[in-house]
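A short write-up of the structure that comes next.
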Amino acid sequence: MNLLGWPLEKALGVLRAKGIEPEVSRILAPRRDGKQGAWRVVRVREEGRVVDACAFITTVPQEPNRI
């Protein structure tokens with residue numbers, strides 16, 4: 001099963017249902033505190049026993065309309 005791009009919690013639920021309790025590494029971009037965005041799976045190793053996740057911003061700041 002390909003879990004890439006899945007929300008982290010949903011991917012963990014699928015793995016746990018299969019009896020796998022993965023080790024999760026959370027990868028942060030420079031200058032980000034990890035409190036923003038949604039955690040998504042970016043890499044799965046060792047048949048699901050190791051999962052890497054990264055926080056992606058889910059909203060884009062709006063620029064003022066220019067006329």
Side-chain angles (χ1 to χ4, degrees):
M1 172 177 273
N2 184 356
L3 301 174
L4 297 180
W6 282 38
L8 179 59
E9 291 304 319
K10 184 174 180 180
L12 292 177
V14 169
L15 292 169
R16 288 175 179 149
K18 293 183 175 192
I20 300 170
E21 185 60 44
E23 174 186 329
V24 177
S25 296
R26 293 177 186 251
I27 303 165
L28 296 174
R31 296 178 280 155
R32 297 265 312 273
D33 61 10
K35 295 177 184 173
Q36 296 176 332
W39 288 97
R40 294 197 172 269
V41 175
V42 294
R43 181 167 57 174
V44 178
R45 296 179 281 151
E46 299 179 25
E47 299 176 4
R49 290 188 296 276
V50 179
V51 173
D52 295 338
C54 188
F56 289 85
I57 294 176
T58 56
T59 58
V60 177
Q62 297 291 321
E63 289 187 28
N65 290 334
R66 296 182 185 179
I67 299 177

Only pairs under 3.5 Å count here: list side-chain donor-acceptor contacts from residues 2-12, not counting sequence neighbours, and write none if there are none.
from : atom 1 : to : atom 2 : distance (Å)
N2   : OD1    : L4 : N      : 3.0
W6   : NE1    : N2 : O      : 3.4

Under the side-chain contact (heavy atoms from CB on, under 4.5 Å) test, residues paired with R43 that sit two or more places apart:
R45, D52

Least distance between heavy atoms, I27 atom then W39 atom
O-CZ3, 3.8 Å

Check side-chain contact (heavy atoms from CB on, under 4.5 Å) between E46 and all other residues, then give those that pass, not counting sequence neighbours.
R49, V50

Got a list of side-chain donor-acceptor pairs under 3.5 Å for residues 13-24, not counting sequence neighbours?
from : atom 1 : to  : atom 2 : distance (Å)
R16  : NE     : E21 : OE1    : 3.1
R16  : NE     : E21 : OE2    : 3.2
R16  : NH2    : E21 : OE2    : 3.1

